[in-house]
Chemist: 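The structure's right below; bear with me while I get my questions together.
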Amino acid sequence: VQLQASGGGLVQAGGSLRLSCVISKAVFSDIAMGWYRQVPGKQRELVAYFDRLGGTTYADSVKGRFTISRDNAKNTVNLQMNSLKPEDTAVYYCAAEKSTGIYWGRGTQVTVSS
């Protein structure tokens, strides 16, 4: 499973960013997928996720501000992040989960300045 994430960057508080992750087309229809984030010294945490049935899960801290979506034609999962806060600063990772385990993309840095 290959995952390629893009879209991180530096933004002021209150701004928006959109992350995208291209996942191997061969597995895209049969996996759970989503986004995690990690700051130094802390565990990686779930941000937003699609389960295999298409249901979504959001971290409480991002509900109402972040939206996860998927484009099946482009085998892509996206994360629209609005009303960003300094505490959203982290390295964001795209993840895909199969019966064989969880696969990670290379992280992309999101920095929100106050």
Side-chain angles (χ1 to χ4, degrees):
V1 179
Q2 294 186 338
L3 303 92
Q4 185 170 356
S6 61
L10 172 64
V11 65
Q12 289 188 331
S16 298
L17 283 174
R18 182 178 176 88
L19 305 182
S20 293
C21 180
V22 180
I23 300 174
S24 302
K25 185 176 182 179
V27 301
F28 188 78
S29 62
D30 191 34
I31 56 173
M33 66 188 79
W35 294 91
Y36 286 73
R37 67 187 180 188
Q38 189 170 22
V39 298
K42 292 190 177 181
Q43 286 190 326
R44 194 169 296 185
E45 64 174 4
L46 182 146
V47 177
Y49 211 69
F50 278 113
D51 61 31
R52 292 189 180 189
L53 299 178
T56 56
T57 299
Y58 291 92
D60 288 343
S61 59
V62 307
K63 285 181 181 176
R65 300 188 298 120
F66 290 13
T67 303
I68 190 171
S69 64
R70 57 189 291 171
D71 185 335
N72 294 332
K74 297 181 179 179
N75 43 290
T76 299
V77 59
N78 306 303
L79 184 68
Q80 179 66 42
M81 305 185 292
N82 298 329
S83 302
L84 282 160
K85 304 175 180 181
E87 51 264 43
D88 294 317
T89 295
V91 177
Y92 284 69
Y93 295 90
C94 176
E97 184 175 1
K98 295 180 59 179
S99 57
T100 52
I102 296 177
Y103 300 82
W104 300 97
R106 184 176 297 181
T108 183
Q109 177 70 45
V110 171
T111 303
V112 184
S113 63
S114 57

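These figures come from a predicted structure and were not determined experimentally. We number each residue from 1, following the sequence as shown.
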Chemist: Measure the CG-CD1 distance between Asn75 and Ile23 for me, rounded to the nearest 0.5 Å.
Modeler: 8.0 Å
Chemist: If we ignore hydrogens and angles and just use 3.5 Å, is the side chain of Ser24 paired with the main-chain N or O of Gln2 as donor and acceptor?
Modeler: yes
Chemist: Just checking, is any N or O donor in the side chain of Gln109 or Thr111 under 3.5 Å from an acceptor N or O on the other one?
Modeler: yes
Chemist: So which atom in Ser83 and which in Ser16 form the shortest heavy-atom distance, rounded to 0.1 Å?
Modeler: N-OG, 4.4 Å
Chemist: Looking only at heavy atoms, what is the nearest atom pair of Ala32 and Tyr49, with distance?
Modeler: CB-CE2, 3.6 Å
Chemist: Is Trp35 reachable from Leu17 through a run of hydrophobic residues whose side-chain heavy atoms are each under 4.5 Å from the next?
Modeler: yes
Chemist: Under 4.5 Å between any side-chain heavy atoms of Met81 and Val47, yes or no?
Modeler: no
Chemist: Can you tell me how far CZ of Phe28 sits from CG of Asp71, rounded to the nearest 0.5 angstrom?
Modeler: 7.5 Å
Chemist: Are Asp51 and Thr57 packed together at the side-chain level, in the sense that at least one heavy-atom pair is separated by less than 4.5 angstrom?
Modeler: no
Chemist: Do Val22 and Ile31 sit in the same hydrophobic cluster, where Ile, Leu, Val, Met, Phe, Trp and Tyr count as joined when their side-chain heavy atoms come under 4.5 Å apart?
Modeler: no
Chemist: Which residues pass the side-chain contact (heavy atoms from CB on, under 4.5 Å) test with Gln38, not counting sequence neighbours?
Modeler: Arg44, Tyr93
Chemist: A side-chain contact here means heavy atoms from C-beta on lying under 4.5 Å apart; do Cys21 and Leu19 qualify?
Modeler: no
Chemist: Is it true that Val91 and Met33 fall in one hydrophobic cluster, defined by side-chain heavy atoms closer than 4.5 Å?
Modeler: no
Chemist: Does a side chain donor of either Gln80 or Asn82 reach within less than 3.5 Å of an acceptor in the other side chain?
Modeler: yes
Chemist: If I compare all heavy atoms of Thr76 with all of Ser20, which pair ends up nearest, and what's the gap?
Modeler: CG2-CB, 4.2 Å
Chemist: Mind checking the CZ-OG1 spacing from Phe50 to Thr56? Nearest 0.5 Å is all I need.
Modeler: 6.5 Å
Chemist: Side-chain contact, heavy-atom cut-off 4.5 Å: Phe66 with Leu84?
Modeler: yes
Chemist: Salt bridge or not for Asp60 and Lys63, using N-O below 4.0 Å?
Modeler: yes
Chemist: Grouping I, L, V, M, F, W and Y whenever their side-chain heavy atoms are under 4.5 Å apart, do Val62 and Val112 come out in a common cluster?
Modeler: yes
Chemist: Is there a side-chain contact between Lys98 and Arg52, using heavy atoms and a 4.5 Å cut-off?
Modeler: yes
